[in-house]
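In what follows, a structure is listed as structure tokens, so that the remarks can point back to it.
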2 protein chains.
Amino acid sequence: MQKETSTYLNEVFIQHCRERGLKVTPQRITIYKALAGSTDHPTADFVYRNIHKEHPNISFETVNRTLLKFAETGILDVIESFSGARRFDPNLDSHHHIHCVQCGMIVDFKDEQFNNIQIPKQFKREYKVVSKRVVINVICELCQSK
Amino acid sequence: MQKETSTYLNEVFIQHCRERGLKVTPQRITIYKALAGSTDHPTADFVYRNIHKEHPNISFETVNRTLLKFAETGILDVIESFSGARRFDPNLDSHHHIHCVQCGMIVDFKDEQFNNIQIPKQFKREYKVVSKRVVINVICELCQSK
DNA sequence: TATTATATGAGAATTATTCTCATTTGTCAA
DNA sequence: TTGACAAATGAGAATAATTCTCATATAATA
């Protein structure tokens, strides 16, 4: 990663934290950077293992709690899974998912028409809508070939 | 539940099993009946606790394995959750979900327009599409009032 | 620079899922 | 009907995922 990018990410992140009353700690910066821009919808364990070599002093507990805290404060999203571990998604733009029901792989895709899906009026009254998404459950190429 | 309904369910279920090479056991009949027609998208543990009073000899292990086997053979679906326990859905008709991001409650709804969502062509080549669904993430009334 | 609320790390506890293996039981063919 | 046999079950242990507790450390603020 280039220095400029890294600095920019830091600034964005620090801004995020300030707005939400979160302390800016080295652990949080590391975890945020590990996730920002990624498209692999990782689990807490995956993030932990990714950063562990470079940052052996960051505990799994902190990674997990940080991701949950980030989700709680809207820095990232928890996304759907078919059980197994909880998965996180740093992409907050409206987008949709191809989701392999066998291996769990998730591919993001954009679709303007899907973005414009109108939520039935009756639900808007009863529920506070947080987000909406089209999820296409598939068997991916790799799993098909097995 | 009325006798007719029960008998009908049994017949449908036995048919299901025969077509898929599954043995028809009393445990499977019990588990199927506990689930059929339900709209609460239960976990294995929930199903287990539901039937345990009437059927104390059915183990959790059997409930869980049976539900997975049912999912594998298309008798029911595993549906999305935000982690926690795996959830099952006996409703195989095309439908969509209101999903409370706080308590996990899921409400089914029908929507013809959503059913007719067209999967982008490029994905049809690469992936074997199993199903598709609109998921609306919300905070439900109960959770809002907390 | 001192104070304080928040964050962290370690370890244990809890919850969810899967595995192993001995025993039982549906199913099918004779 | 009755074996034979593959499949299903139950019990217990193992593993995986998540959460809790609490002592210590640290970022933010005045």
Side-chain angles (χ1 to χ4, degrees), chain A residues 10-11 13-32 34 41-52 55-73 75 78-88 101-104, chain B residues 10-11 13-32 34 41-52 55-73 75 78-88 101-104:
Chain A
N10 273 351
E11 277 164 16
F13 176 65
I14 288 167
Q15 187 63 18
H16 276 202
C17 287
R18 297 240 188 286
E19 285 166 6
R20 294 159 173 91
L22 299 184
K23 288 187 181 173
V24 179
T25 66
Q27 290 92 334
R28 287 180 171 167
I29 291 174
T30 300
I31 294 164
Y32 179 78
H41 317 88
T43 62
D45 184 62
F46 188 87
V47 174
Y48 172 73
R49 280 187 281 113
N50 257 324
I51 65 179
H52 185 255
H55 304 272
N57 301 322
I58 300 182
S59 71
F60 172 79
E61 197 29 48
T62 294
V63 172
N64 189 235
R65 264 190 304 214
T66 298
L67 292 171
L68 286 172
K69 178 64 80 174
F70 284 177
E72 206 182 300
T73 48
I75 296 178
V78 173
I79 56 167
E80 81 283 353
S81 73
F82 300 120
S83 170
R86 186 186 284 118
R87 299 179 70 170
F88 298 92
V101 296
Q102 278 181 23
C103 68
Chain B
N10 273 351
E11 278 164 14
F13 176 65
I14 288 168
Q15 187 61 18
H16 276 200
C17 287
R18 297 240 186 284
E19 285 166 7
R20 294 158 173 92
L22 298 183
K23 289 186 180 174
V24 179
T25 66
Q27 290 92 334
R28 287 180 171 167
I29 293 174
T30 300
I31 293 164
Y32 179 77
H41 317 87
T43 63
D45 185 63
F46 188 87
V47 174
Y48 172 72
R49 280 187 280 112
N50 258 325
I51 65 180
H52 185 256
H55 304 273
N57 301 322
I58 301 182
S59 70
F60 171 78
E61 197 27 49
T62 293
V63 172
N64 189 234
R65 264 190 303 213
T66 298
L67 292 171
L68 286 173
K69 179 64 82 172
F70 285 176
E72 206 182 300
T73 48
I75 294 178
V78 173
I79 55 166
E80 81 282 353
S81 71
F82 301 119
S83 169
R86 185 185 284 118
R87 299 179 71 169
F88 298 92
V101 296
Q102 277 181 23
C103 68

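Chain identifiers are assigned alphabetically (A, B, ...) following the order of the sequence lines, protein sequences preceding nucleic acid strands; residue numbering begins at 1 within each chain.
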Can you see if the side chain of Arg86(B) gets near the phosphate of dT18(C) - specifically, an N or O under 4.0 Å from OP1 or OP2? yes
To the nearest Å, give me how far apart OH (Tyr48(B)) and C1' (dT17(C)) are. 15 Å
Are Arg28(B) and dG26(C) close enough that a side-chain N or O sits under 4.0 Å from OP1 or OP2? no
Is the phosphate of dT9(D) approached by Thr66(B) (side-chain N or O, under 4.0 Å from OP1 or OP2)? yes
So, OP1 or OP2 of dT9(D): does either fall under 4.0 Å of a side-chain N or O from Thr62(B)? no
Nearest whole Å is fine: how far is dT18(D) P from Phe88(A) CZ? 8 Å
Under 3.5 Å, which donor-acceptor pairs link side chains of residues 60-67 of chain B to any protein atom two or more places apart or in another chain?
| residue | atom | partner | partner atom | Å |
| --- | --- | --- | --- | --- |
| Glu61(B) | OE2 | Arg65(B) | NE | 3.3 |
| Thr62(B) | OG1 | Ser59(B) | OG | 3.1 |
| Thr66(B) | OG1 | Thr62(B) | O | 2.6 |

The criterion is ring-ring contact (aromatic ring centres under 6.0 Å, His included); which residues satisfy it with Phe70(B), sequence neighbours excluded? Phe13(B)
Can you name the residues that form a side-chain hydrogen bond (donor to acceptor under 3.5 Å, both in side chains) with Gln102(A), not counting sequence neighbours? none
Are side-chain N/O atoms of Glu19(A) and Gln15(A) paired as donor and acceptor at under 3.5 Å? yes
Nucleic acid footprint by protein, nucleotides 20-30 of chain D - heavy-atom cut-off 4.0 Å, B for base, S for sugar-phosphate alone: BB-----BS--
Within this structure, what is the CG-to-P distance between Asn64(B) and dT15(C), rounded to whole angstrom? 17 Å
By side-chain hydrogen bond (donor to acceptor under 3.5 Å, both in side chains) - contacts of Arg18(A) (at least two apart): none
Those residues that, when tested against Arg20(B), pass side-chain hydrogen bond (donor to acceptor under 3.5 Å, both in side chains) (two or more places apart): none
Describe, as an angle rounded to 10 degrees, how the axis at the first end of the helix from dT1(C)-dA30(D) to dA30(C)-dT1(D) is tilted relative to the axis at the last end, five pairs per end. 40°
With sequence neighbours left out, write down each residue that passes ring-ring contact (aromatic ring centres under 6.0 Å, His included) with His55(A), or none if nothing qualifies. none
With sequence neighbours excluded, tell me which residues meet side-chain hydrogen bond (donor to acceptor under 3.5 Å, both in side chains) with Glu72(B). none
